[in-house]
Every structure is written in C-alpha cells, then in structure tokens.
Amino acid sequence: MTKIRAAVTGVYAYAPETILTNRQLESMVDTSDEWITSRTGIKERRILSGDGLGTSDMAVEAVIGLLKKTGTSPDDIELVICATVTPDMQFPATANIICDKAGIKKAFSFDLNAACSGFIYAIITASKFIESGGYKKVLVVGADKMSSIVDYTDRQTCIIFGDAAGAILMEPAQNGYGIIDSILKTDGSGRVHLHQKAGGSIKPASHQTVDAKEHFIYQEGQAVFKFAVIGMADVSAEIMERNNLKAEDVAWLVPHQANLRIIDATARRMGLDACKVMVNIQRYGNTTNGTIPMCLYEWENKLKPGDNIILSAFGGGFTWGAIYLKWAYNGEGKVKISNCK
Ligand code: UT7
C-alpha cells in the first residue's frame, strides 16, 4: 500500500490594523529606531486593540478567510489544532473557541504549546492524523496576541513582539507532494532563559505576582540568541543533508521571524541566496505562532507545485525543528483580502 502524505492545500492570515512603529516605541522606552532595526530587522508590528478581543478573534478571521477561499464547508473539517502561547484563557482550549466562533461543529480540537516552534509542531501532528488514513481535512492555526504578555516598559522585549494569526488547510496529498520529512527537538533546560514566571500551577496569579510583573515575557535575549542561531541553522542544514538537497534544489526557506540576524545565519548555513528566504519581520516583528503561516500567505502567489520548501523555527522551551515539504498547488493569482499589507 502506498503511504498517504499530508499536504498544505490552502493558507490565509490576518494581522490587526493598529501599527506600533519603532518611532512610537522611542517615546515609550529608552530605545531608538536605529538600535531596533540594526539588532532585529524590525520596523513596526501590529497590535490587536479593542476591549474583549483575544487570540481567537484573529484566528477566526484567518480560519473563515481560509474556508471561503478554499470553498470548504465548516462541516467538512474534522480536526483543528491551534498553536499558541497566548490562549484566550487557561481553559478551555482556544481551538475549541475558534471552532465555536467559526461554525465548525463536527471537528475535535485542541491547543498545542511549543512556543515559537508551535506551528511546525502542529503541522507534523496534523500530518500524522492524515497519514493514518482516518482524517481528510485538518486545520492548523498559529495565532498569538503577544501584546497581552508584553511589558511595554521593558525595552528588551517590547520592541520584538507583535500580534497576528494564520491558518492552513491540510489534506491527503496528490502526486507525491506534501510533507516529506521533519526534525523536531526539545531541550527543557532552556526554560530558564525564556518563560512566563507566574500564572501557572507553580506560581498562581496573586497581587504579588501582578505587582512583580511576573505575567509578562521573561527573556534573557543574548542567551536565547546563541541557542537559536545554532539550533535553527543546524536543524535546517541537517534536513537538507539527509534528503540530499543542495542549495539550488531549495525553492524557499520559511523561517520563524524572531530576529533578522538569526534568519540570515540560517540561510547562510544552508547556502541560500537571500532572494529565496521569506522575510517580513520588518512589518510584523515576532508574532510567535503567526510568523510561518503569515509568510506562506504573503508569498503564496509565488509558490508552484513541487517547490521544495524548508520551514524552520526556534523558540521557548527550548523547542526547535525543521520541515521539508513539496508545495502542492499553484498559488499564482491568489487574491489577498485580509489586513496583511
Ligand atoms: O522567538 C523566540 C526566541 N527568541 C529569540 O530568538 C530572541 C533572541 N534574542 C534576540 O533576538 C536578541 O538577543 C535581542 C534582540 C533580544 C537583543 O539583542 P542583542 O544584540 O542580543 O542585545 P543585548 O541584549 O546584548 O544588549 C546590547 C546592549 C545592552 O547595553 P550595554 O549593556 O551593552 O550597555 C542593552 O542594555 O543594548 C542594550 N539594549 C537596548 N538598547 C536600545 C537592550 N535592548 C535595547 C533597546 N534599545 N530596545
């Protein structure tokens, strides 16, 4: 029996309208446009503003857009996985809320937390359901309202993050396209360098934790940078090597957008020209689980069936990994109608 492969068959993304520029940050913390641009590549990021709006509200925009665009009925969706570190609430899962808001009534759904690597972990999880032969239409969502856990008085973190959501449809592949290989890794000892101190079972929320600002992102930037630059480059080179891919065989690198210097180091290690690397960090910053689907969405009309694509990410945990896939459809002429500029 031939092995069933899972392929991406549609993508959609949503970024909220409100823009927070480096210049605006200059008036909030002791920083400069020059410092942020040269150290990270970021010029502006999007912020979900408005009372009562959460991660699911952006995710639903992406999911409804995706269902419409691919002509998929919500009733045909069997599974929804949402990768996020900023769930609407501790429980139930944001994926459950997305299903409710998007009218998806026949699927089961759950969240997956692997920090900035969550979207690639979720793609591989979804692909295993499809490869089992038991599932034909699975939605993978990557969404984060990072502004809900950013301390806008901390210049080391507030310059980095932004809000966004993206969603892909995954189905059994035709013609040998789809997910070919993946390498996923975890090193939990890295948690000391990047985490949220309070709000979990070790340190539940209290007046003290709020006063001590322990519900915000805690990041030792330099330490994370060192691991990220090695981890993402290593795993991307390794997946090329074990699939006998030379630089000229790779059509696109789709890297997690954490820092332009990490992306450049990864591309250099793979021997790729900058023109084959999807980079939109300058406009959105690090949107955690939103980065990879946002890139796929913005570059979709350049993608052709059979294109060899490497997805690569590094994040808190530590978690990291890479996916090798063959793009499965002609994205040419796909019309973009969300807020992504
Ligand atoms: O996606 C999840 C994984 N996360 C990452 O991959 C993030 C990885 N880390 C990074 O991207 C970088 O480490 C940062 C962008 C967070 C920081 O860049 P850096 O080049 O590592 O800067 P640094 O922390 O080494 O700081 C260098 C200097 C320090 O001043 P001194 O001690 O040299 O006087 C900082 O205090 O820059 C200072 N600094 C700033 N200056 C202006 C730190 N933040 C700022 C700022 N504006 N926003």
Side-chain angles (χ1 to χ4, degrees), residues 20-45 83-86 113-121 142-147 149-164 166 184-196 216-236 254-267 269 278-282 284-295 311-322:
L20 177 60
T21 63
N22 289 353
R23 290 271 177 237
Q24 287 168 299
L25 283 167
E26 284 177 354
S27 66
M28 295 160 67
V29 290
D30 181 14
T31 192
S32 66
D33 174 46
E34 196 283 326
W35 191 96
I36 302 170
T37 308
S38 62
R39 299 288 178 125
T40 69
I42 302 166
K43 296 298 271 185
E44 60 186 43
R45 62 291 292 141
T84 187
V85 294
T86 51
N113 181 344
C116 293
S117 311
F119 194 73
I120 63 170
Y121 272 47
D144 272 300
K145 182 185 171 185
M146 296 306 291
S147 61
I149 56 168
V150 165
D151 175 0
Y152 286 96
T153 64
D154 174 12
R155 70 175 184 174
Q156 305 208 25
T157 52
C158 74
I159 54 134
I160 299 171
F161 295 99
D163 303 338
L184 300 180
K185 299 194 181 232
T186 300
D187 177 358
S189 68
R191 70 190 181 282
V192 294
H193 304 297
L194 179 52
H195 57 266
Q196 196 175 346
F216 294 125
I217 298 162
Y218 171 82
Q219 175 168 263
E220 294 161 8
Q222 256 189 28
V224 178
F225 186 91
K226 277 186 204 149
F227 282 99
V229 91
I230 295 167
M232 222 164 105
D234 276 357
V235 86
S236 307
V254 193
H256 169 54
Q257 316 277 307
N259 186 314
L260 188 56
R261 290 181 289 147
I262 299 174
I263 296 171
D264 286 347
T266 303
R269 180 76 184 282
M278 298 187 191
V279 177
N280 59 13
I281 192 171
Q282 62 279 12
Y284 304 112
N286 181 350
T287 59
T288 303
N289 286 287
T291 60
I292 288 178
M294 284 280 288
C295 281
L311 314 181
S312 178
F314 187 95
F318 293 133
T319 56
W320 67 108

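Predicted, not measured: the structure shown is a model, and the values here were computed from it. Read the numbers this way: they start at 1 and go in the same order the structure lists the ligands and their atoms.
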Is the shortest side-chain heavy-atom distance between [X] and [Y] below 4.5 Å?
X	Y	result
M146	I217	yes
Y218	D151	no
R261	V229	no
F216	D154	no
R45	L25	yes
I120	L184	yes

Just by distance, do the side chain of [X] and the backbone of [Y] share a donor-acceptor pair under 3.5 Å?
X	Y	result
S38	W35	yes
D33	N22	no
T40	I36	yes

Problem - Ionic contact status for D30 with R155, cut-off 4.0 Å - result: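 A salt bridge links R155 with D30.
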
Handout entry: No-hydrogen, no-angle side-chain donor-acceptor test under 3.5 Å, T84 and N289
Key =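 No.
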
Handout entry: Pair S312-S236, side chain to side chain donor-acceptor pair (under 3.5 Å): steps then yes or no
Key = CA-CA 6 Å; S312 178; S236 307; 2.8 Å; yes

Could you tell me which atoms of ligand 1, counted from 1 in the order shown, lie closer than 4.0 angstrom to a heavy atom of [X]?
X	value
H256	1 (O)
T40	15 (C)
N286	1 (O), 2 (C)
R39	19 (P), 20 (O), 22 (O), 27 (C)
N259	10 (C), 11 (O), 12 (C), 15 (C)
I262	6 (O)
D30	42 (C), 47 (N)

Exercise for the section: Kindly confirm or rule out an N or O of Q156 lying under 3.5 angstrom from an N or O of ligand 1. Expected result: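 No, there is no polar N/O contact under 3.5 Å.
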
Problem - A258 N/O under 3.5 Å from ligand 1 N/O - result: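 There is no such contact.
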
Among all protein heavy atoms in this structure, tell me which lies nearest to [atom], with the distance rounded to 0.1 Å.
atom	value
atom 36 (O) of ligand 1	R155 NH2, 3.0 Å
atom 21 (O) of ligand 1	Q222 CG, 3.6 Å
atom 3 (C) of ligand 1	V224 CG1, 3.7 Å
atom 9 (N) of ligand 1	G221 O, 3.0 Å
atom 4 (N) of ligand 1	Q219 OE1, 3.2 Å
atom 47 (N) of ligand 1	T31 OG1, 2.7 Å

Does the protein place any heavy atom closer than 4.0 Å to [atom]?
atom	result
atom 7 (C) of ligand 1	yes
atom 43 (C) of ligand 1	yes
atom 13 (O) of ligand 1	yes
atom 18 (O) of ligand 1	yes

Problem - Close approach, I160 and ligand 1, non-hydrogen under 4.0 angstrom - result: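 Contact present.
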
Exercise for the section: Give the C-alpha distance, both sets of side-chain angles, the deciding distance and a yes or no for side chain to side chain donor-acceptor pair (under 3.5 Å) between Y284 and Q282. Expected result: CA-CA 6 Å; Y284 304 112; Q282 62 279 12; over 6 Å; no

Practice task
Ignoring hydrogens, just give me the one of G231, A223, C116 whose non-hydrogen atom is nearest atom 2 (C) of ligand 1.
Solution key: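 It is C116 that holds the nearest heavy atom.
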
Handout entry: Whether F318 and H193 hold their rings parallel, tilted or perpendicular, with breakpoints at 30° and 60°
Key =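 If you compare the ring of F318 with that of H193, the planes turn out parallel.
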
Problem - W35, portion touching ligand 1 at heavy-atom distance under 4.0 Å - result: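 Within the 4.0 Å criterion, W35 contacts ligand 1 through side-chain atoms alone.
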
Practice task
Pick one of side chain, backbone, both or neither for how I36 approaches ligand 1, counting any non-hydrogen atom pair under 4.0 Å.
Solution key: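 It is neither; nothing of I36 touches ligand 1.
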
